[in-house]
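Note that ligands are numbered from 1 as they come in the structure, with each ligand's atoms numbered from 1 the same way.
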Amino acid sequence: MHVLVPFDARQPKSRLADVLDDGERQTFARAMLADVLDAIEETGHEPTVLSTAQVDCRASVTVDERPLTTAVNDALDERALPVGVVMSDLALATADTLDALFGTAGDVVIAPGLGGGTNALVVRHAEFEVDYHGTSVRDHREAATAVGANLQVVDSYRLGVDIDDPTDLVEVLLHNDRTATTWLDDAGFRLETREGRATIARTGTESDGT
Ligand SMILES: Nc1nc2c(ncn2[C@@H]2O[C@H](COP(=O)(O)OP(=O)(O)OP(=O)(O)O)[C@@H](O)[C@H]2O)c(=O)[nH]1
Ligand SMILES: C[C@H](OP(=O)(O)O)C(=O)O
């Protein structure tokens with residue numbers, strides 16, 4: 001199966017601006033992309049990065065500067081189905097969890113994200129179109145129904161966590177041990193327990209007084 005990996009190479013991960021500067025967000029986004037590409041390759045499927053600008057990575061790259069939804073729908077039209085779409089910020093994605101997604105039968109198979117996004121999906125129905133942003137998981141359910149496509153939802157913690165906000169970094173430090181975690185470690189991020197919950201702190205910053 002062909003697997004598209006959308007990637008915003010221009011200003012990635014703006015919601016992490018409180019904890020990472022511009023250059024750090026670029027590097028961290030690329031680290032997560034590398035981990036996602038590794039996991040897809042381990043499944044034996046073929047990833048193509050669908051990027052807003054050229055990016056140095058181990059997969060083939062198609063550059064499309066248009067908005068996410070337009071770029072993905074055009075890429076779906078150009079390829080023989082089925083096609084997978086896996087977001088580049090799924091830092092916890094593993095070959096096993098992706099195999100479960102790719103192996104689930106259905107015209108449209110969705111891995112929802114926390115907060116209403118669509119972290120990954122498989123499209124086997126020619127009339128189905130994506131519509132990202134907002135509560136896209138609900139929009140995709142409706143879009144599947146509208147074209148008469150059978151929809152399946154996979155239940156996956158690892159595919160459900162996309163790294164958008166600083167609190168999501170906790171999950172990377174807790175549950176990933178690949179490129180993105182190494183990068184966070186090297187950048188000084190540590191887990192701390194506050195009021196019984198895991199949270200992140202960064203050594204060498206004002207917040208820890210060093
Ligand atoms: N090709 C393409 N990919 C995009 C675009 N916008 C976001 N992405 C990718 O789509 C996935 C989900 O992106 P978001 O979390 O909504 O956006 P983001 O740019 O990563 O982060 P924020 O700036 O914090 O919203 C990630 O893999 C992004 O790299 C776009 O306009 N084009
Ligand atoms: C692209 C978007 O991602 P989010 O903004 O929810 O991370 C979505 O899944 O619709």
Side-chain angles (χ1 to χ4, degrees), residues 2-40 47-57 59-79 83-93 98 101 108-123 128-144 151 153-154 156-169 171-172 176 179-180 183:
H2 220 104
V3 182
L4 300 168
V5 183
F7 183 67
D8 182 4
R10 294 179 299 208
Q11 290 208 308
K13 296 291 120 206
S14 58
R15 284 170 277 178
L16 295 178
D18 284 349
V19 293
L20 298 176
D21 68 25
D22 286 6
E24 289 173 332
R25 296 201 303 280
Q26 289 278 356
T27 311
F28 181 60
R30 280 161 175 73
M32 291 196 288
L33 172 67
D35 288 340
V36 168
L37 292 175
D38 281 350
I40 295 169
T48 296
V49 179
L50 183 60
S51 181
T52 52
Q54 196 51 243
V55 56
D56 188 16
C57 65
S60 67
V61 177
T62 298
V63 174
D64 189 330
E65 295 180 2
R66 294 174 299 170
L68 176 63
T69 294
T70 312
V72 170
N73 280 325
D74 270 21
L76 288 172
D77 283 346
E78 285 165 12
R79 286 168 172 81
V83 173
V85 184
V86 175
M87 294 316 194
S88 67
D89 57 356
L90 306 189
L92 309 190
L98 289 169
L101 169 77
V108 179
V109 184
I110 287 181
L114 295 173
T118 306
N119 285 356
L121 81 167
V122 174
V123 180
F128 176 82
E129 292 193 340
V130 297
D131 181 5
Y132 285 110
H133 298 302
T135 317
S136 65
V137 71
R138 191 170 55 191
D139 297 337
H140 287 148
R141 259 195 228 117
E142 289 171 8
L151 179 102
V153 176
V154 295
S156 170
Y157 164 71
R158 283 187 171 272
L159 297 183
V161 175
D162 52 337
I163 309 305
D164 290 332
D165 300 310
T167 52
D168 298 326
L169 298 179
E171 310 305 320
V172 186
N176 187 359
T179 320
W183 188 87

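- More than 12 non-hydrogen atoms from other residues, nucleotides or ligands lie less than 6.0 angstrom from CG of Asp21.
- Within the 4.0 Å cut-off (strictly below), no protein heavy atom is located near atom 3 (O) of ligand 2.
- From the protein, the heavy atom lying nearest to atom 1 (N) of ligand 1 is Leu50 O, 2.8 Å.
- When only non-hydrogen protein atoms are considered, atom 5 (O) of ligand 2 lies nearest to Arg15 NH2, 3.3 Å.
- Each of the following atoms of ligand 1 lies closer than 4.0 Å to a heavy atom of His133: 16 (O).
- Looking from atom 6 (O) of ligand 2 to the surrounding protein, the closest heavy atom is Gly117 CA, 3.6 Å.
- Put simply, the side chain of Gln26 gets close to the backbone of Arg10: a donor and an acceptor are under 3.5 Å apart.
- With hydrogens left out, the protein atom closest to atom 26 (C) of ligand 1 is Ser88 OG, 3.6 Å, a heavy atom.
- Remark: minimum distance from atom 23 (O) of ligand 1 to any protein heavy atom is reached at Ser14 OG, 2.6 Å.
- When each of Leu33, Asp35, Leu37, Val36 is tested with Thr179 by the rule side-chain contact (heavy atoms from CB on, under 4.5 Å), just one qualifies, namely Asp35.
- For atom 16 (O) of ligand 1, the closest non-hydrogen atom on the protein side is Arg15 NH2, 3.5 Å.
- Checking side-chain atoms of Asp162 against main-chain N and O of Asn119 turns up no donor-acceptor pair under 3.5 Å.
- Within 6.0 Å of CZ on Arg138 lie no more than 12 heavy atoms contributed by other residues, nucleotides or ligands.
- For ligand 1, the atoms sitting less than 4.0 Å from at least one non-hydrogen atom of Asp164 are 15 (O), numbered in the order shown with element in parentheses.
- Numbered from 1 in the order shown, with element, the atoms of ligand 2 that lie under 4.0 Å from a heavy atom of Asp162 read 7 (O).
- With hydrogens and angles left out, the side-chain atoms of Ser136 and Thr118 include a donor and acceptor closer than 3.5 Å.
- Residues Phe28 and Val19 have side chains not in contact (no heavy-atom distance under 4.5 Å, counting atoms from C-beta outward).
- Checked by atom type and distance alone, the side chain of Asn73 pairs as donor or acceptor with a backbone atom of Val130 at under 3.5 Å.
- When Leu33, Val63, Leu68 are ranked by how near their heavy atoms come to atom 4 (C) of ligand 1, first place goes to Leu68.
- Taking any N or O of Ser136, backbone or side chain, at least one lies under 3.5 Å from an N or O belonging to ligand 2.
- Nearest protein heavy-atom neighbour of atom 29 (O) of ligand 1: Asp8 N, 2.8 Å.
- Scanning the protein for heavy atoms near atom 12 (C) of ligand 1, the closest one is Asp89 OD2, 4.0 Å.
- Side-chain atoms of Ser88 do not come within 3.5 Å of backbone N or O of Val5 as any donor-acceptor pair.
- The closest side-chain donor-acceptor pair between His2 and Thr48 falls under 3.5 angstrom.
- Residue Leu68 touches ligand 2 through its side chain alone, judged by heavy-atom distances below 4.0 Å.
- Note: no N/O pair closer than 3.5 Å links Asn119 and ligand 2 by distance alone.
- Atom 10 (O) of ligand 1 has its closest protein heavy atom at Met87 SD, 3.7 Å.
- Annotation: Thr52 places no N or O atom under 3.5 Å from an N or O atom of ligand 1; distance criterion only.
- Heavy-atom separations between Lys13 and ligand 2 are all 4.0 Å or longer.
- Proximity of Glu65 to ligand 1 is not established, as no heavy-atom distance is less than 4.0 Å.
- Of all protein heavy atoms, the one lying nearest to atom 3 (N) of ligand 1 is Phe7 N, 3.3 Å.
- Of the possible donor and acceptor atoms, none in the side chain of Asp165 sits under 3.5 Å from a partner among the backbone N and O of Thr167.
- For ligand 2, the polar-atom distance check finds an N/O of Asp164 within less than 3.5 Å of one of the ligand's N/O atoms.
- At a 4.0 Å heavy-atom cut-off, ligand 2 does not touch His140 at all.
- Closest protein heavy atom to atom 9 (O) of ligand 2: Thr118 N, 2.8 Å.
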